[in-house]
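Since the structure comes first, as structure tokens, the remarks are kept for the end.
Given the structure is predicted, the values throughout are model-derived calculations rather than measurements.
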Amino acid sequence: MPLLDGLALLLLGGLLAGLALSERYWYFLNPRFIPVSLVTGAVLILLAPLAAARAPGPRPGGVPRLLSLGLCLGLAALAVGGVSVESPDPGSAARRGGLDFGPVPEGPSRIIFKGREYVRMNLAELFLLADQRPTDAPARFVVRGVVRRSPALDGQGQALVSRVAVVCCLADAVAAGFLADLGHTPQGQWVEVYGRLEPLGAAPRSSDLPKTPEAAVTVCNERFRIDAEGVVPVSQPEMPYIFEFREKEPYAW
């Protein structure tokens with residue numbers, strides 16, 4: 001069935017290329033793989049006429065193989081059409097230049113705040129450094145995140161500043177953050193926190209941590225907290241999620 005083989009390749013290539021150009025690619029894969037998916041989809045589309053024009057003959061798998069591929073395509077199309085989350089759209093931000101997956105992030109790597117110099121980095125980068133190489137962490141840094149509160153943390157005079165980190169796709173998103181004294185900053189407010197790491201006396205229980213709607217898991221660094229030297233309310237960034245993690249300055253911010 002050469003015609004069906006060619007049609008299957010055409011549909012698979014079209015689905016892959018269409019997903020890469022859609023606003024939902026990041027639900028399934030990291031946006032940095034968009035070029036790879038586009039090229040793969042284009043190659044499959046170009047191979048479809050060759051498959052359809054090949055000489056008829058026995059092929060392993062036959063009808064079950066095509067039915068399996070059709071089921072796969074149907075499920076994939078259903079997933080693409082049915083996913084819905086209440087969050088900003090990173091796909092459109094990427095097309096407008098809001099995402100930079102290049103080797104060097106844009107903007108200065110350091111900023112002066114109240115006469116002191118702070119290194120700009122994202123919360124995931126700080127989290128990893130604090131866990132693995134705390135001596136390599138900047139003496140002073142500034143991170144962006146959203147304030148999350150819970151009754152247990154409020155009782156300790158603390159709040160969690162966190163941000164959703166996406167390693168591969170939305171399914172593995174984790175809200176990672178640090179405890180800090182954020183004053184009376186309300187729940188859900190985006191802030192820039194200027195400060196230093198200091199040892200955390202006792203790690204909070206997981207049940208004490210506030211929930212994050214965008215991530216199934218919320219984690220708080222168990223070794224350090226942020227000694228906040230400045231807390232500045234800011235607007236939610238166009239890209240609220242973290243996709244890039246750098247090990248040295250300039251950090252992804």
Side-chain angles (χ1 to χ4, degrees), residues 26-31 83-90 93 99 120-134 137 141-228 231-247 251-253:
W26 71 288
Y27 298 163
F28 307 98
L29 291 169
N30 192 298
V83 172
S84 176
V85 296
E86 295 181 0
S87 62
D89 168 29
L99 288 178
R120 302 170 76 188
M121 61 194 312
N122 66 46
L123 276 165
E125 293 166 332
L126 182 62
F127 196 104
L128 293 173
L129 275 178
D131 264 358
Q132 301 172 8
R133 305 192 312 274
F141 51 81
V142 54
V143 291
R144 292 183 292 185
V146 63
V147 177
R148 300 292 181 189
R149 295 189 174 278
S150 70
L153 295 183
D154 286 340
Q156 303 170 17
Q158 301 190 104
L160 181 72
V161 55
S162 68
R163 194 171 174 188
V164 174
V166 181
V167 178
C168 173
C169 58
L170 184 63
D172 65 10
V174 175
F178 289 81
L179 295 182
D181 181 357
L182 302 178
H184 299 291
T185 310
Q187 161 83 4
Q189 173 66 55
W190 277 83
V191 291
E192 290 182 356
V193 181
Y194 297 79
R196 301 177 295 174
L197 286 178
E198 67 175 12
L200 181 62
R205 296 175 301 180
S206 58
S207 59
D208 292 340
L209 294 178
K211 304 302 180 184
T212 302
E214 299 87 355
V217 178
T218 299
V219 294
C220 168
N221 194 277
E222 298 182 349
R223 299 179 60 189
F224 296 92
R225 67 185 298 275
I226 296 177
D227 177 16
V231 180
V232 180
V234 295
S235 300
Q236 175 180 287
E238 183 180 21
M239 168 43 59
Y241 306 135
I242 297 172
F243 284 97
E244 188 173 359
F245 315 84
R246 296 178 61 84
E247 296 183 345
Y251 294 99
W253 173 244

With Val146, which residues qualify under side-chain contact (heavy atoms from CB on, under 4.5 Å), at least two apart? Arg148, Ser162, Trp190
Using atom types as modelled, flag every donor-acceptor pair under 3.5 Å from a side chain in residues 149-158 to any protein atom, sequence neighbours excluded.
| unit_1 | atom_1 | unit_2 | atom_2 | d |
| --- | --- | --- | --- | --- |
| Arg149 | NE | Thr185 | O | 2.9 |
| Arg149 | NH1 | Asp154 | OD1 | 3.2 |
| Arg149 | NH2 | Gly183 | O | 2.9 |
| Arg149 | NH2 | Thr185 | O | 2.8 |
| Ser150 | OG | Leu153 | N | 3.3 |
| Ser150 | OG | Asp208 | O | 2.6 |
| Gln156 | OE1 | Gln158 | NE2 | 3.2 |
| Gln158 | OE1 | Arg225 | NE | 2.8 |
| Gln158 | OE1 | Arg225 | NH2 | 3.3 |

Could you walk me through whether Leu200 and Phe178 pass the side chain to side chain contact (heavy atoms under 4.5 Å, CB included) check? CA-CA 10 Å; Leu200 181 62; Phe178 289 81; over 6 Å; no
For the CD1 atom of Ile226 and the CG atom of Leu197, what is their distance to the nearest 0.5 Å? 7.0 Å
Distance-minimising heavy-atom pair for Ala175 and Ala215: N-CB, 3.7 Å
Could you give me the CA-CA distance, side-chain angles and deciding distance for Val232 and Val142, then say whether side chain to side chain contact (heavy atoms under 4.5 Å, CB included) is met? CA-CA 10 Å; Val232 180; Val142 54; over 6 Å; no
Sequence neighbours left out, what passes side-chain hydrogen bond (donor to acceptor under 3.5 Å, both in side chains) with Asp181? Give chain and number order. none
Give a yes or no on this: more than 12 heavy atoms of other residues, nucleotides or ligands lie within 6.0 Å of atom CZ of Arg205. no
Would Leu160 and Thr218 count as a side chain to side chain contact (heavy atoms under 4.5 Å, CB included) if you check the C-alpha gap in whole Å, the side-chain angles of each, and the deciding distance to 0.1 Å? CA-CA 10 Å; Leu160 181 72; Thr218 299; 3.7 Å; yes
Only pairs under 3.5 Å count here: list side-chain donor-acceptor contacts from residues 122-129, not counting sequence neighbours, and write none if there are none.
| unit_1 | atom_1 | unit_2 | atom_2 | d |
| --- | --- | --- | --- | --- |
| Asn122 | OD1 | Ala124 | N | 3.1 |
| Asn122 | OD1 | Glu125 | N | 2.8 |
| Asn122 | ND2 | Glu244 | O | 3.1 |
| Glu125 | OE1 | Asn122 | N | 2.9 |
| Glu125 | OE1 | Ala252 | N | 3.3 |
| Glu125 | OE2 | Arg246 | N | 2.8 |
| Glu125 | OE2 | Ala252 | N | 2.8 |

Set of ring-ring contact (aromatic ring centres under 6.0 Å, His included) partners for Phe224, sequence neighbours left out: none
Within a 6.0 Å radius of atom CD on Gln187, are there more than 12 heavy atoms belonging to other residues, nucleotides or ligands? yes
Exercise: identify the closest heavy-atom pair between Pro240 and Glu238: CD-O, 3.3 Å
Minimum heavy-atom separation for Arg223 to Asp131, with atom names? NH1-O, 3.0 Å
Kindly state each residue pair satisfying salt bridge (charged side-chain N to carboxylate O under 4.0 Å, His left out) with at least one member in residues 157-167, sequence neighbours excluded. none
Whether the side chain of Gln189 engages the backbone of Val234 through a donor-acceptor N/O pair (distance < 3.5 Å, no angle test) should be reported. yes
Spacing of OH belonging to Tyr251 relative to CE belonging to Met121, to within rounding of 0.5 Å: 4.5 Å
Just how far is it from atom CG of Leu209 to atom CG of Leu179, taken to the nearest 0.5 Å? 7.0 Å
